[in-house]
Amino acid sequence: MDLKDELLKSIWYAFTALDLEQSGKVSKSQLKVLSYNLYTVLNIPHDPKILEDHFRDDNNGPVSSHGYMPYLNKYILDKVQEGHFVKENFHELCWTLTAKKNYKPSGSQGLISETSAFKLWCLFNFLSEDKYPLVMVCEEGYMWKKGNVRRNWNERWFVLKPSKFDYYLNEDLKEKKGEIHLDMDSTVEMLPDKEGKRCLFCVKTVNRTYELSASDMKRRQEWMDSIMAAIWTLAENKSSMHKVQKERRREQRRQAAARLLEKKAQEDALAELQAEREAQLAQLEQLRQAQEEAEHLWRTKELHWMTQHEELQQKLRMELQKARTDKLQMQLVMEQKEQEAGAQRHRIRELETMQQGLERALRAEIEAHTNEQTVRSAQARLLQEEEEKLKELMMLRREQQDLSRQEERQQQQQLTNKAQALQQAMERLRESRQRNKQDLAMAEQTRRRASQHVKHWSVQLNRLMQPIVPGAAQNQPKSDIQSHRGGGAFIPKEFAVRRTEQHKMVLNPDCEERPGSDSEDYENMAEYIKNVSLTGANVIP
């Protein structure tokens, strides 16, 4: 056992003995005397100032055990050291105060002497549990027992001991009627009610079964638990049954304290719930009043809103009528615009078709012009070859004239052969030039057809380049060229002239139009070559 707990049991009895009025409080002067004596017997240094400061307050009344306990723990029990004081002197001090109230011997001597009472009191404090007030619990009391021979029920006083269960005629313990021996094989069982007896149970031993009846169900359970604890103590070879009972009762008290705390917690929770409920009721009352005020305000605003709503509806009906009229007018305008847009889309599609045709015609004209340039280049090349052949012929003629008479006959034949070869080459060139001329004529004809096709598409394009614009754009001058991309920069005549000039530049970018024709030059050159050939032929022998 802890030294502090052991000392506290005796001090509690001394404090209780000073409470003569049984009010749970003791006067401050008596507590000062008790504290001073405790300082002395426990061999603790005494500080009167701390004692005076602890008991100094505005209230001159007595002090309860709760008020005295902090001082007792802090300044007395916490300073106690084992072996520094005599325990008998401490217990005698506490017993001196306790005996005045609790020990009252009858007659001159009484049942036991004062010294024996003091020793019994010390033993009782040592065996008692850590709970105040301290009480003595004895497993004894009246129960009904069923006889073994006559089978009748008799009331007996039972006393439970560690290894047996004695029963007497009454509580003075003078006439013992028998005993029930307990061992590790003994058992305790609960029985149903019968023969007018309630709360029955039996104790089975090796030799006999004893039927007993308690005063109530609680008492029956206590007896059964005590007997089973005694049997268990015997089975486990325990030296004392009281310690087991002590632990059992301590557990019961702990459970009772836990239930009490739980009940108190539930009561506190209920109180909190009640306070919360009252607060909620007050809040609901405030909310109800606020709701009534809000409803009144809402009805006022609702009436005002209804008036405004009717005015707004009237205004909206007028605006809706106006909107319908505007919608009809807008639909008519949109239909007219849609028709104009359809015509414009149709005109745009025609313009795109014309543009594609014009592009194809331009490409054809460019191709024809390219072919014509190719033919002209070939013809110029042939003319250059003819000029070179003519120059060779003239050089041969001059050489023929310069030859001497001796070599005239030998080289005359060679010159004649060369002249004939040149004549044949001239014939071939003349045929090639004739074919070139025919190809040139065909190319010129193709170019003229392409030019006519371009002019046709240009006329169609100029016809379609009339403006189609809605509204105020219809009042613009018709001489301006309009397209789907906007107004043009030229009038139709300027557009046609610039179009023709651009077309010519595309067809012939590197050369200009030659005045006259080259056919006369070609014919004169051919006639000259023919005459030269004939002259050469006459010279041949």
Side-chain angles (χ1 to χ4, degrees), residues 123-124 126-263:
L123 180 63
F124 173 74
F126 179 75
L127 297 176
S128 63
E129 301 178 11
D130 301 334
K131 184 179 178 183
Y132 305 95
L134 303 175
V135 294
M136 182 178 293
V137 178
C138 299
E139 294 298 337
E140 57 184 13
Y142 281 106
M143 284 193 298
W144 290 87
K145 172 184 170 299
K146 189 174 184 179
N148 186 27
V149 180
R150 299 177 59 183
R151 308 298 294 171
N152 59 338
W153 291 90
N154 298 310
E155 189 176 22
R156 297 288 184 260
W157 178 266
F158 287 84
V159 178
L160 179 61
K161 297 182 179 180
S163 60
K164 61 181 180 178
F165 199 22
D166 298 337
Y167 53 93
Y168 299 87
L169 181 63
N170 49 36
E171 57 184 331
D172 59 5
L173 306 180
K174 292 182 179 181
E175 185 178 354
K176 183 177 181 180
K177 304 297 294 181
E179 59 185 11
I180 303 173
H181 292 279
L182 302 176
D183 55 16
M184 63 182 64
D185 296 328
S186 301
T187 58
V188 181
E189 295 182 2
M190 188 180 299
L191 299 176
D193 298 342
K194 63 180 180 179
E195 299 178 5
K197 296 296 181 181
R198 299 173 63 253
C199 304
L200 298 177
F201 68 98
C202 65
V203 179
K204 293 182 179 181
T205 63
V206 179
N207 300 323
R208 178 182 169 186
T209 299
Y210 298 89
E211 296 184 11
L212 304 173
S213 174
S215 58
D216 52 30
M217 297 179 66
K218 179 180 179 181
R219 189 60 178 162
R220 177 180 65 179
Q221 188 64 38
E222 291 177 354
W223 276 111
M224 291 178 64
D225 293 341
S226 300
I227 297 171
M228 286 189 292
I231 296 172
W232 176 82
T233 302
L234 292 175
E236 296 294 329
N237 294 323
K238 300 294 182 180
S239 60
S240 175
M241 183 186 67
H242 295 283
K243 291 184 179 179
V244 177
Q245 294 293 334
K246 174 182 176 180
E247 295 296 331
R248 181 180 62 81
R249 289 192 297 272
R250 179 179 296 174
E251 180 65 21
Q252 291 177 353
R253 286 195 298 272
R254 188 188 63 78
Q255 294 177 359
R259 288 193 297 270
L260 182 61
L261 291 176
E262 184 178 0
K263 182 178 179 181

**Prompt:** With a 4.5 Å heavy-atom cut-off, do F165 and L212 have their side chains touching?
**Reply:** yes
**Request:** Locate the shortest heavy-atom distance separating E171 from Y142; write the atom from each residue and the value.
**Result:** N-OH, 3.3 Å
**Request:** Output, in order, the C-alpha distance, side-chain angles, deciding distance and verdict of side chain to side chain contact (heavy atoms under 4.5 Å, CB included) for M228 and D225.
**Result:** CA-CA 5 Å; M228 286 189 292; D225 293 341; 3.7 Å; yes
**Complete:** What one should report as the nearest heavy-atom pair of W144 and E155 is CE3-N, 3.5 Å
**Item:** R156 side chain reached by L169 side chain, heavy atoms, under 4.5 Å
**Value:** yes
Would you give me the side-chain donor-acceptor pairs under 3.5 Å for residues 177-194, sequence neighbours excluded?
residue	atom	partner	partner atom	Å
E179	OE1	K164	NZ	3.4
E179	OE1	K176	NZ	2.9
E179	OE2	H181	NE2	2.8
D183	OD1	D185	N	3.2
D183	OD1	S186	N	3.0
D183	OD1	S186	OG	2.7
S186	OG	D183	N	3.1
S186	OG	D183	O	3.4
E189	OE1	K204	NZ	3.2
E189	OE2	K204	NZ	3.3
D193	OD1	C199	N	3.3

**Asked** So does R150 have more than 12 non-hydrogen atoms from other groups sitting under 6.0 Å from CZ?
**Response** no
**Request:** Write down the atom of E195, the atom of W153, and the distance for their closest heavy-atom approach.
**Result:** OE1-NE1, 2.9 Å
**Request:** Would you name the heavy atoms of M143 and A214 that are closest together and state the gap between them?
**Result:** CG-CA, 4.2 Å
**Request:** Return yes if some donor-acceptor pair links the side-chain N/O of R220 with the main-chain N/O of L200 below 3.5 Å, else return no.
**Result:** yes
**Request:** Could you tell me the separation between the CH2 atom of W223 and the OG atom of S213, rounded to the nearest 0.5 Å?
**Result:** 13.0 Å
**Message:** salt bridge (charged side-chain N to carboxylate O under 4.0 Å, His left out) for R219 and E222? Distances and angles first, verdict last.
**Reply:** CA-CA 5 Å; R219 189 60 178 162; E222 291 177 354; 2.9 Å; yes
**Request:** Might you work through the side chain to side chain contact (heavy atoms under 4.5 Å, CB included) test for Q255 and R259, ending with a clear yes or no?
**Result:** CA-CA 6 Å; Q255 294 177 359; R259 288 193 297 270; 3.6 Å; yes
